[in-house]
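To keep things clear, I will list the structure first and then write my remarks on it.
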Amino acid sequence: MIKIENLHKSFGSLDVLKGISTTINDGEVVAIIGPSGSGKSTFLRCINLLETPTSGNIWINDQDITNKKTDIMKVRENVGMVFQHFHLFPHKTVLENLTYAPMKVKGKSRQEAEKKGLQLLEQVGLAAKANEYPNRLSGGQKQRVAIARALAMEPDFMLFDEPTSALDPEMVKEVLDVMKSLAHTGMTMAIVTHEMGFAREVADRVLFLDGGNLVEDAPPSQFFSNPVTNRAKDFLQKML
Amino acid sequence: MTLDFTSILPSLPFILKGILVTLQIVLLAGVIGFILGIILSLFKISSIKVLGVIADIYTSIFRGTPLVLQLMIIYFGSPQIFGYQIEPVTAAVAAFALNSAAYISEIIRAGIQAVDKGQSEAAMALGVPYRPMMLNIILPQAMKNILPALMNEFITLTKESAIVTTIGVMDIMRRAYIIGADKFRFIEPLLLAGLIYYIMVITLTFLGKLVERRMKRSD
């Protein structure tokens, strides 16, 4: 479970997050949507401390990760992240991308890590690419590898920061399909996305952020058909 | 002017022996300078401000004064600094290592900072600690940016090593000069020395291209 309480983040004098509180339960898929600059990505990046919150608390499995004594690295091992621009390690093969952190951080043997890595590549439909370098892959393939890389650490939570925004339209589906099947396995997921159809279909809850505030927090059926605030109505009108 | 290389032919082995001396200085100084340069560059990109300042001052001093001055301070100053006279070769290695560390640290810093920030974020998000992240993820990629400039630095080092002749190290340069003085023919031995340096530099350039090509595998 991820519990967020009164989360604030400022960059200099710019207040990006203005006190966000919410809870993401185990097995829940949460879509985070909102206009550009609303703080969606910053919110997500606070959850694995790629951004340090200015104030507020975040508990992951009852551990307060904003506490200075918390081992951030241990927290991150358990929270996978997928980036908009993939950030695969270009000097490592696809399989090495998947085995590096489990071997280095978790101390797995090469054999063990490779077995798990190949199994994950199978799962995202890229087993044949195991020994290719990332630059030989299409955008959609790269993102599927990136998802597999995060999963290789066997995290309890997965964060997705606009995973399909940098993809050509015809590659969006293959990535969303992988995420959909991941959601069906019961993975707890927080997804910053502009894919409204996906959010509506897969998410259990939609968080609508605007201007650094959590404006709406509702199941997709309710949010998409009956948004409460004018801001959300306005946003949805432009998106759909 | 007539060139007569036959007259210095008997002295050829004497001059060629200088290659070992020059290589010894260049290799040792290169390796030590490279390691020191990495450390300094890590200081420069460190979040601990005071380390960055120390590294910047270091670089500024060693880039801002003549190499031959640094060499002489270390060699002729050693009795006052350490209480005993150090060997010329030791002084040469020390001066070149310290000097090239300053240049190399700048090359590495720029190379590291040119690596996409997303790479360190991806590593951090996987729970990879700073040291392995630097060693396994950032530096290997930075090497691609660093290598051409680094090769340049090693080439400069090889050529500039000739100034160790001023503190009496028996390198290629000094040996050529000694033969010249001995035979009253300077052009031939000096041209020969030039040829040796040139071949060394060409070899380095070739090696650099080879390594560069190998690193481009993943492109």
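Proteins come first, then strands; the chains are lettered A, B, ... in the order of their sequence lines, and each starts at number 1.
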Flag, side chain of A/His87 to backbone of B/Asp116, donor-acceptor distance under 3.5 Å: no

Region of A/Phe86 that comes under 4.5 Å of a non-hydrogen atom in chain B: neither

Neighbour count >12 (heavy atoms, 6.0 Å) for atom NZ, A/Lys115: no

Interface residue of largest heavy-atom contact number with chain B, from A/His85, A/Met81, A/Arg149, under 4.5 Å: A/Arg149

A/Asp168 CG: over 12 foreign heavy atoms closer than 6.0 Å: yes

Structural part of B/Met133 lying under 4.5 Å from a heavy atom of chain A: backbone

Heavy atoms from other residues, nucleotides or ligands near CD of B/Gln85 exceed 12 (cutoff 6.0 Å): yes

Steps toward side chain to side chain contact (heavy atoms under 4.5 Å, CB included) verdict (B/Val128, A/Arg76): CA-CA 9 Å; B/Val128 180; A/Arg76 286 177 180 151; over 6 Å; no

Heavy-atom neighbours of B/Phe206 CZ exceed 12 at 6.0 Å: no

Donor-acceptor contact present, side-chain B/Gln119 to main-chain A/Leu88, <3.5 Å: yes

Contact class of A/Val79 relative to chain B, heavy atoms under 4.5 angstrom: backbone

B/Pro129 to A/Val105 - nearest heavy-atom pair and separation: CD-CG2, 4.4 Å

A/Phe89 and B/Ile138: CA distance, side-chain angles, deciding distance, side chain to side chain contact (heavy atoms under 4.5 Å, CB included) verdict: CA-CA 9 Å; A/Phe89 305 134; B/Ile138 305 300; over 6 Å; no

